[in-house]
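Here the structure is laid out as structure tokens; the discussion comes afterwards.
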Amino acid sequence: EPLGTMDNVTSIIIPNIQLASEVKSLELVDHESKPYYASPKKVVGHLPTSANPGEQGGVWLFGHLESPFMGEGSVFWDIPKLQDELTDNNNVNIIVSSAQRRFVYRVSSINTVDQDKFKTYDSFKPTLHVVTCYPRLKYDKRMVVNADLVYSEALGN
């Protein structure tokens with residue numbers, strides 16, 4: 001395991017939509033000399049080249065909205081419902097944990113971009129970006145939920 005792995009995100013919870021999942025590192029797939037990162041099945045994937053929770057910069061997490069044909073799970077099935085929560089002015093928190101700490105991020109915006117225009121970016125403050133394919137059965141867009149770090153605490157041993 002590379003150094004610093006203990007700071008990797010291990011779980012994600014979004015209380016507004018009763019989402020709780022393990023988080024694993026995205027795997028680099030060497031596909032016909034065009035490598036890409038693949039989302040893990042049935043859990044959330046952390047882009048290993050992005051920040052770890054609490055660090056300056058963006059933590060990028062990816063998950064399947066649904067996978068009716070490939071059986072890869074639908075961990076982010078309810079992510080689109082977060083838009084209604086924001087519209088209703090409800091606070092939407094995303095809680096991510098590493099082995100040592102818990103981090104609470106508050107959702108600031110949700111945007112949808114065409115898949116060919118989607119790219120990750122770095123930020124100059126601790127942010128979290130949760131990405132899924134959208135809309136159902138078409139999947140030609142990416143829904144990106146953006147959140148800012150508001151709180152962190154050490155987990156008791």
Side-chain angles (χ1 to χ4, degrees), residues 5 7-29 36-68 70 72-99 101-153 155:
T5 306
D7 297 318
N8 282 354
V9 54
T10 55
S11 70
I12 178 173
I13 297 171
I14 307 178
N16 299 63
I17 54 172
Q18 288 82 54
L19 183 148
S21 174
E22 186 183 353
V23 177
K24 295 182 174 170
S25 187
L26 291 178
E27 289 175 31
L28 189 59
V29 178
Y36 69 95
Y37 283 99
S39 291
K41 294 185 179 190
K42 297 184 171 58
V43 296
V44 176
H46 174 225
L47 182 63
T49 54
S50 71
N52 283 322
E55 293 178 355
Q56 297 290 18
V59 180
W60 286 85
L61 301 180
F62 292 79
H64 293 287
L65 180 72
E66 62 182 344
S67 179
M70 303 291 285
E72 293 175 325
S74 53
V75 67
F76 280 166
W77 178 263
D78 286 329
I79 287 283
K81 292 181 182 172
L82 293 178
Q83 187 65 65
D84 295 336
E85 295 283 322
L86 282 190
T87 303
D88 293 343
N89 287 321
N90 295 332
N91 281 337
V92 178
N93 291 333
I94 301 178
I95 301 148
V96 293
S97 297
S98 66
R101 297 188 72 79
R102 179 182 298 127
F103 303 87
V104 178
Y105 291 82
R106 177 140 316 140
V107 174
S108 55
S109 65
I110 299 174
N111 42 346
T112 305
V113 294
D114 289 332
Q115 65 181 2
D116 52 3
K117 292 192 175 64
F118 170 78
K119 57 180 187 282
T120 62
Y121 56 86
D122 214 353
S123 54
F124 301 101
K125 55 185 182 176
T127 59
L128 175 69
H129 308 275
V130 173
V131 183
T132 194
C133 296
Y134 187 80
R136 296 198 198 292
L137 297 176
K138 201 159 176 223
Y139 318 122
D140 60 344
K141 299 189 185 320
R142 297 293 173 267
M143 178 172 276
V144 185
V145 179
N146 304 294
D148 299 307
L149 184 65
V150 290
Y151 177 74
S152 83
E153 64 185 355
L155 295 172

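Just the heavy atoms: all of them, side chains too, but no hydrogens, waters or symmetry mates, feed the values below.
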Any non-hydrogen side-chain atom of [X] less than 4.5 Å from a side-chain atom of [Y]?
{"X": "Ile79", "Y": "Ile14", "result": "yes"}
{"X": "Thr120", "Y": "Phe62", "result": "yes"}
{"X": "Val96", "Y": "Val23", "result": "no"}
{"X": "Asp148", "Y": "Pro126", "result": "no"}
{"X": "Phe118", "Y": "Val131", "result": "yes"}
{"X": "Thr49", "Y": "Tyr37", "result": "yes"}
{"X": "Cys133", "Y": "Arg142", "result": "yes"}
{"X": "Arg101", "Y": "Pro53", "result": "no"}

For Thr10, is there any backbone N or O sitting under 3.5 Å from a side-chain donor or acceptor partner on Ser97?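 Side chain of Ser97 to backbone of Thr10, a donor-acceptor pair under 3.5 Å: no, none is there.
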Is the side chain of Thr132 donor-acceptor paired with the backbone N or O of Gly63 at a distance under 3.5 Å, no angle test?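 Yes.
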Looking only at non-hydrogen atoms, find the nearest pair between [X] and [Y] and report the distance.
{"X": "Tyr105", "Y": "Leu128", "value": "CD2-CB, 3.5 Å"}
{"X": "Val29", "Y": "Ala38", "value": "CG2-CB, 3.6 Å"}
{"X": "Gly58", "Y": "Ser50", "value": "O-CB, 3.3 Å"}
{"X": "Gly54", "Y": "Phe103", "value": "CA-CE2, 3.5 Å"}
{"X": "Met143", "Y": "Pro80", "value": "SD-CA, 3.8 Å"}
{"X": "Leu65", "Y": "Pro135", "value": "CD2-C, 4.3 Å"}

In terms of heavy-atom contacts, does CD of Glu27 have more than 12 from other residues, nucleotides or ligands at under 6.0 Å?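 Count not over threshold, so no.
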Please walk me through it: do Leu26 and Ser39 pass side chain to side chain contact (heavy atoms under 4.5 Å, CB included)? CA-CA 6 Å; Leu26 291 178; Ser39 291; 4.0 Å; yes
Any side-chain donor paired with an acceptor under 3.5 Å for Asn146 and Ser109?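 Present: a donor and an acceptor within the cut-off.
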Is there a donor in the side chain of Glu66 and an acceptor in the side chain of Tyr139, or the other way round, less than 3.5 Å apart?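 Yes, because at least one side-chain N or O of Glu66 sits under 3.5 Å from a partner of the opposite role on Tyr139.
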Trp60 and His129 aromatic ring geometry - parallel, tilted or perpendicular at 30°/60° bounds: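 Correct class here is parallel.
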Could you go through the side chain to side chain contact (heavy atoms under 4.5 Å, CB included) check for Asp78 and Leu19 one step at a time? CA-CA 8 Å; Asp78 286 329; Leu19 183 148; 5.9 Å; no
How far does [atom1] of [X] sit from [atom2] of [Y], to the nearest 0.5 angstrom?
{"X": "Thr87", "Y": "Ile110", "atom1": "OG1", "atom2": "CD1", "answer": "8.0 Å"}
{"X": "Lys42", "Y": "Glu22", "atom1": "NZ", "atom2": "CD", "answer": "13.0 Å"}
{"X": "Lys81", "Y": "Asn16", "atom1": "NZ", "atom2": "CG", "answer": "11.5 Å"}
{"X": "Phe76", "Y": "Leu61", "atom1": "CZ", "atom2": "CG", "answer": "6.0 Å"}
{"X": "Asp140", "Y": "Gln115", "atom1": "CG", "atom2": "CD", "answer": "6.0 Å"}
{"X": "Ile94", "Y": "Leu149", "atom1": "CD1", "atom2": "CG", "answer": "11.5 Å"}

Using the side chain to side chain contact (heavy atoms under 4.5 Å, CB included) rule, take His46 and Asn52 through it: C-alpha gap first, then chi angles, then the decisive distance, then the call. CA-CA 9 Å; His46 174 225; Asn52 283 322; 3.3 Å; yes
Kindly determine whether Trp77 and Arg136 satisfy side chain to side chain contact (heavy atoms under 4.5 Å, CB included), including the steps that lead there. CA-CA 9 Å; Trp77 178 263; Arg136 296 198 198 292; 3.3 Å; yes
